Amino acid sequence: MSLFNHIVVAVDLRKESKKIIQKAQGVLAKGGEIELLHVAEPIDAGLWAGAPFGAVVVNTEELEQEAIKAKQKRLEELGKHFSISESKQHIEIGKPSRVIKKFAEEHQCDLIVIGTHGQNGWELLLGSTANGVLHGSPCDVLTVQMKVKES
């Protein structure tokens with residue numbers, strides 16, 4: 001496998017994110033750069049309309065901002081652990097597969113690294129973020145298999 005100069009690593013901020021970043025570092029060319037990207041899905045106000053005791057008025061913007069703050073803290077911890085500067089740490093809101101592809105294109109990345117949980121059954125039929133990124137990606141994609149513990 002050749003080395004890559006500009007890699008975007010899509011992280012979901014779980015503990016497995018470290019494995020994904022390590023894999024990206026393993027294919028990074030000397031002098032290359034890694035961008036960390038977390039995509040948060042927007043909070044849908046419609047989810048609150050069916051509350052058990054009737055519609056509930058919820059300030060989704062406030063909830064979203066609180067969630068972003070917590071995600072930013074976790075992203076900063078990952079960046080610090082791997083010596084990735086804050087200017088290379090990004091949180092975007094939207095549909096993850098679309099945002100990841102758009103980010104890679106806009107930042108002229110030559111590789112997207114993303115974890116996959118090896119979904120099957122209905123999850124596979126409905127698609128996953130990794131699968132969505134693979135189709136129509138503007139650059140190469142490296143998927144890192146995350147082992148799912150059997151219960």
Side-chain angles (χ1 to χ4, degrees), residues 1-48 58-149:
M1 180 185 295
S2 61
L3 298 179
F4 296 89
N5 292 306
H6 194 186
I7 300 173
V8 58
V9 181
V11 291
D12 62 7
L13 303 177
R14 295 186 214 176
K15 63 182 176 182
E16 294 93 354
S17 294
K18 287 183 176 181
K19 179 180 177 182
I20 300 166
I21 298 168
Q22 288 170 335
K23 197 66 89 163
Q25 288 179 323
V27 297
L28 182 66
K30 185 174 183 170
E33 61 185 5
I34 289 178
E35 309 252 8
L36 295 181
L37 174 63
H38 173 73
V39 183
E41 294 199 52
I43 295 175
D44 183 0
L47 294 175
W48 301 95
V58 176
N59 184 344
T60 56
E61 187 175 321
E62 196 174 295
L63 283 175
E64 213 165 62
Q65 290 305 316
E66 287 300 314
I68 295 295
K69 282 182 192 174
K71 290 170 185 280
Q72 187 67 46
K73 183 178 180 194
R74 177 68 180 127
L75 189 63
E76 288 171 5
E77 290 169 1
L78 278 172
K80 186 175 181 179
H81 181 81
F82 289 97
S83 300
I84 298 170
S85 72
E86 285 187 36
S87 67
K88 300 294 179 187
Q89 301 170 24
H90 312 273
I91 293 182
E92 302 280 339
I93 298 174
K95 182 175 181 188
S97 60
R98 281 192 202 126
V99 172
I100 293 166
K101 290 185 288 191
K102 182 178 178 187
F103 183 95
E105 185 172 14
E106 289 177 352
H107 290 81
Q108 300 175 344
C109 296
D110 54 0
L111 179 68
I112 297 169
V113 180
I114 188 167
T116 180
H117 295 279
Q119 298 169 329
N120 54 41
W122 283 109
E123 292 172 330
L124 182 60
L125 289 173
L126 296 174
S128 68
T129 299
N131 190 41
V133 169
L134 283 170
H135 299 287
S137 173
C139 60
D140 289 341
V141 179
L142 172 62
T143 58
V144 180
Q145 181 65 45
M146 311 279 41
K147 298 292 182 204
V148 179
K149 293 182 180 179

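These numbers were taken from a predicted model, which means no experiment stands behind them. We count residues from 1, following the sequence as given.
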Worksheet entry | salt bridge (Lys or Arg N to Asp or Glu O under 4.0 Å) between Glu77 and Arg74, intermediate numbers included | CA-CA 5 Å; Glu77 290 169 1; Arg74 177 68 180 127; 3.6 Å; yes

Discussion item. Are Ile21 and Ile84 packed together at the side-chain level, in the sense that at least one heavy-atom pair is separated by less than 4.5 angstrom?
Written reply: yes

Discussion item. Ignoring hydrogens and geometry beyond distance, is a side-chain donor-acceptor pair present between Glu35 and His90 at under 3.5 Å?
Written reply: yes

Practice prompt. Taking the side chain as every heavy atom from C-beta outward, state whether Lys19 and Val144 have any atom pair closer than 4.5 Å.
Written response: yes

Practice prompt. Decide if atom CZ of Arg98 counts as having more than 12 heavy atoms of other residues, nucleotides or ligands within a radius under 6.0 Å.
Written response: no

Worksheet item: What distance do Ile100 atom CD1 and Ile114 atom CD1 have between them, rounded to the nearest 0.5 Å?
Response: 4.0 Å

Worksheet entry | Any side-chain heavy-atom pair of Asn131 and His135 under 4.5 Å | yes

Discussion item. What's the separation between atom CG in Leu75 and atom NZ in Lys80, rounded to the nearest 0.5 Å?
Written reply: 14.0 Å

Item to complete: Kindly say whether Phe4 contributes a backbone atom to a donor-acceptor pair with the side chain of Asp110 at under 3.5 angstrom?
Response: no

Discussion item. Side chain to side chain contact (heavy atoms under 4.5 Å, CB included) for Leu36 and Lys88? Distances and angles first, verdict last.
Written reply: CA-CA 6 Å; Leu36 295 181; Lys88 300 294 179 187; over 6 Å; no

Item to complete: Using the side-chain contact (heavy atoms from CB on, under 4.5 Å) rule, pick out the option among Ile7, Asn5, Val8 that qualifies with Cys109.
Response: Val8

Discussion item. Looking at Glu106, I'd like to know if its CD atom is crowded, meaning that more than 12 non-hydrogen atoms belonging to other residues, nucleotides or ligands lie closer than 6.0 Å.
Written reply: yes

Discussion item. With heavy-atom distances below 4.5 Å as the criterion, would you say the side chains of Glu105 and Lys102 are in contact?
Written reply: no

Worksheet item: Got Glu41 and Ile93 here, is their nearest side-chain heavy-atom distance under 4.5 Å?
Response: no

Discussion item. Let's go through Lys69 and Glu66 carefully: what are the C-alpha distance in whole Å and the side-chain angles of both, what is the deciding distance for salt bridge (Lys or Arg N to Asp or Glu O under 4.0 Å) to 0.1 Å, and is it a yes or a no?
Written reply: CA-CA 5 Å; Lys69 282 182 192 174; Glu66 287 300 314; 3.6 Å; yes

Discussion item. Give me the atom names and distance for the closest heavy-atom approach of Ile68 to Ala40.
Written reply: CD1-CB, 4.1 Å

Worksheet item: What is the minimum heavy-atom distance between Glu86 and Glu76, and which atoms define it?
Response: OE1-OE2, 4.2 Å

Worksheet item: Do His38 side-chain atoms and Ile91 backbone N/O form a donor-acceptor pair below 3.5 Å?
Response: no

Worksheet item: Which distance, rounded to the nearest 0.5 Å, do you find between the SG of Cys139 and the NE2 of His107?
Response: 12.5 Å

Discussion item. When you measure from the side chain of Lys23 to the backbone of Thr143, do you find a donor-acceptor pair of N or O atoms at a distance under 3.5 Å?
Written reply: no

Practice prompt. First locate atom CG of Leu134, then atom OG1 of Thr129, and finally report the distance between them rounded to the nearest 0.5 Å.
Written response: 11.0 Å

Item to complete: Look only at the side chain of Ser17 and the backbone of Arg14, and say whether a donor-acceptor pair between them is shorter than 3.5 Å.
Response: yes

Worksheet item: Hey, what do you get for CZ (Phe82) to NZ (Lys18), rounding to the nearest 0.5 Å?
Response: 6.5 Å

Worksheet item: When rounded to the nearest 0.5 angstrom, what is the spacing between CG in Leu3 and NZ in Lys30?
Response: 12.0 Å

